[in-house]
Amino acid sequence: ILAGIGGMLFGIAIFLRANEAVWLIPLLFGALIVVWIRASRPVRGSLKVPIASAVIGFFLPLILMGFVHEHIYGSPFASGYNRASDPIPGLTVDVSVAPDTAWLTRVPTVLFPFGVHELNTLRNVWKFHVIFFWPWMLLFLFGVGWLFMEKNRGVRNLKPIFWIGAIVAMYLLVEYGSWEFHDNPDPHAVTIGTSYLRYWLPISVWMTLFASYGLVHALRILSARWRAAVLGFGAFGLLLTSVNAVILSYPEGLLDMRAVLSVNRERKAWVGSLTTERDVIIVDYADKYLFPERSVIVPLRSEQTYATLGLAFSAAQRRNGRLRYFGLTLPPEDVEYLNTVRLAPHGLEIRTYASIGSHTLYNILQK
């Protein structure tokens, strides 16, 4: 039963973040192989059922994920995310120069869908991981230093965990650090809602083991009185830091996010009351703001979107629906630009339909 639950947890992890299958699947099956190899021959027979349970438990959430994606997106292998591309096309490889090594350019595309950009990675890791988690980083480095300075045999089981975690950490840091995510209107903001923080969450969990290892061993050399004082002060400081970062911080603490979600629900209900399932709505949010209740195109300010506006309008017409745009209210000069430069070649124009707060729903019509 426990083996099945363990495999299921791996499957659920991939359900929640399918891109992590690149390292989660090898990690799971690598662990199963190690268990099998280390077991003596008489024990191997008794391991067949637990290993089979782990494999079955692993695939159950993935089968469920396939049904969910089939229901929402029309295919078990489709998703609601835009296809990723290299943000720095100037650094892509010209395959025609070396046709015999063309396969080398496809492997990094699978493992690193955002490309590999060393300076960008270093900048993002420093800003969104080292600086944001600096107390944790210091404790982690202290724990790792303590681990490798100790000579007793009790630490040898931790060293493989360190090296395996280090490999996974390097992969995740390079994979996501090569990309530029802008979750906040302020490009310089470093907040708890930044994408990098959740993408690198496995690294933070891994760091916890070594941070606690170093802290526990350091406390052992203190007297009981000093140990109690350090623990009490540290626990109080950690509580205050966590409450501030998770609940009170602006603009992505839980209190602020609760207010934001309330406003978003109101806007979503408002748009739903003014549109139908047959409409096609252009939005500027790539995080399923109206999808899947409404068919959406993301975003408006994209050469690909501009090029397909005529096709989108025709598709909405065939469905007896309308082509619309919903987003921040556009200033008059932006409306003029869209009508004269972007929509005119398609014989279309944008008109205000209704507004709610700082947002407006527009109709895109034939001239």
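Fair warning: this is a prediction, and the values are worked out from it, not measured in the lab.
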[X] atom [atom1], neighbour heavy-atom count above 12 within 6.0 Å:
X: Lys48; atom1: NZ; result: no
X: Leu2; atom1: CG; result: no
X: Leu261; atom1: CG; result: yes
X: Trp36; atom1: CH2; result: yes
X: Glu333; atom1: CD; result: yes

Does the gap between the ring centers of [X] and [Y] come in under 6.0 Å?
X: Phe140; Y: Trp206; value: yes
X: Tyr196; Y: Tyr176; value: no
X: Phe142; Y: Phe210; value: no
X: Phe67; Y: His71; value: no

In sequence, state the C-alpha distance, the side-chain angles, and the governing distance for His129 and Phe133, and then conclude on ring pair (Phe, Tyr, Trp, His ring centres under 6.0 Å). CA-CA 6 Å; His129 192 71; Phe133 290 111; 5.6 Å; yes
What is the minimum heavy-atom distance between [X] and [Y], and which atoms define it?
X: Pro61; Y: Gly11; value: CB-C, 3.6 Å
X: Arg123; Y: Asn120; value: NH2-OD1, 2.5 Å
X: Trp200; Y: Leu172; value: NE1-O, 3.0 Å
X: Pro299; Y: Thr305; value: O-OG1, 2.6 Å
X: Arg342; Y: Leu309; value: O-CD1, 4.3 Å
X: Leu323; Y: Ala316; value: N-CB, 3.9 Å

Linked, directly or transitively: [X] and [Y] (ILVMFWY side chains, under 4.5 Å):
X: Ile14; Y: Met8; result: no
X: Val205; Y: Leu215; result: no
X: Leu274; Y: Ile281; result: yes
X: Tyr213; Y: Trp136; result: yes
X: Ile51; Y: Phe59; result: yes

Distance (rounded to the nearest 0.5 Å) between [X] [atom1] and [Y] [atom2]:
X: Lys127; Y: Thr194; atom1: NZ; atom2: OG1; value: 8.5 Å
X: Ile37; Y: Ile33; atom1: CD1; atom2: CD1; value: 6.5 Å
X: Ile247; Y: Arg258; atom1: CD1; atom2: CZ; value: 12.0 Å
X: Ile164; Y: Leu27; atom1: CD1; atom2: CG; value: 7.0 Å
X: Ile356; Y: Leu361; atom1: CD1; atom2: CG; value: 10.5 Å
X: Ile364; Y: Leu300; atom1: CD1; atom2: CG; value: 7.0 Å

Looking only at atom types and distance, does a side-chain atom of His346 sit under 3.5 Å from a main-chain N or O of Tyr306, one as donor and one as acceptor? yes
Are the side chain of Asn124 and the backbone N or O of Gly177 linked by a donor-acceptor pair below 3.5 Å?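 Present.
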Residue pair [X] / [Y], side-chain heavy-atom distance below 4.5 Å:
X: Leu32; Y: Val55; answer: yes
X: Phe313; Y: Arg322; answer: no
X: Arg227; Y: Leu231; answer: yes
X: Val190; Y: Ile131; answer: no
X: Phe10; Y: Phe58; answer: yes
X: Trp23; Y: Pro202; answer: yes
X: Tyr199; Y: Glu175; answer: no
X: Ser358; Y: Arg267; answer: yes

For the residue pair His359 and Phe326, categorise the inter-ring angle as parallel (less than 30°), tilted (30 to 60°) or perpendicular (more than 60°).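 If you compare the ring of His359 with that of Phe326, the planes turn out tilted.
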Where does the angle between the aromatic ring planes of Tyr171 and Phe112 fall among parallel (under 30°), tilted (30 to 60°) and perpendicular (over 60°)? tilted
Show, in sequence, the C-alpha distance, side-chain angles and deciding distance for Trp179 and His117, and conclude whether the side-chain contact (heavy atoms from CB on, under 4.5 Å) test is met. CA-CA 8 Å; Trp179 186 251; His117 306 295; over 6 Å; no
If hydrophobic residues (ILVMFWY) are linked whenever their side-chain heavy atoms come closer than 4.5 Å, directly or via other members, who joins Phe236 in its cluster?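 Taking Ile, Leu, Val, Met, Phe, Trp and Tyr as members, Phe236 shares its hydrophobic cluster with Leu240.
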Is a salt bridge present between Arg294 and Asp279, judged by a nitrogen-to-oxygen distance below 4.0 Å?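 Salt bridge between Arg294 and Asp279, a charged N being under 4.0 Å from a carboxylate O: no.
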Are any of the side-chain nitrogens in Arg319 or Glu277 under 4.0 Å away from the carboxylate oxygens of its partner?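 So Arg319 does not pair with Glu277 through a salt bridge.
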Step by step, work out the side-chain hydrogen bond (donor to acceptor under 3.5 Å, both in side chains) result for Thr121 and Ser178. CA-CA 5 Å; Thr121 297; Ser178 295; 3.2 Å; yes
Can you see whether Tyr325 engages Asp284 through a side-chain donor-acceptor pair at a distance of less than 3.5 angstrom? yes
Cation-pi check, Arg324 to Tyr353: give yes when NZ or CZ is under 6.0 Å from the six-membered ring centre and within 45° of the ring axis, no otherwise. yes
Only counting residues at least two apart or in another chain, list the ones meeting side chain to side chain contact (heavy atoms under 4.5 Å, CB included) with Arg351. Glu349, Leu365
Using the side-chain contact (heavy atoms from CB on, under 4.5 Å) rule, take Leu343 and Ile350 through it: C-alpha gap first, then chi angles, then the decisive distance, then the call. CA-CA 8 Å; Leu343 295 173; Ile350 188 170; 3.7 Å; yes
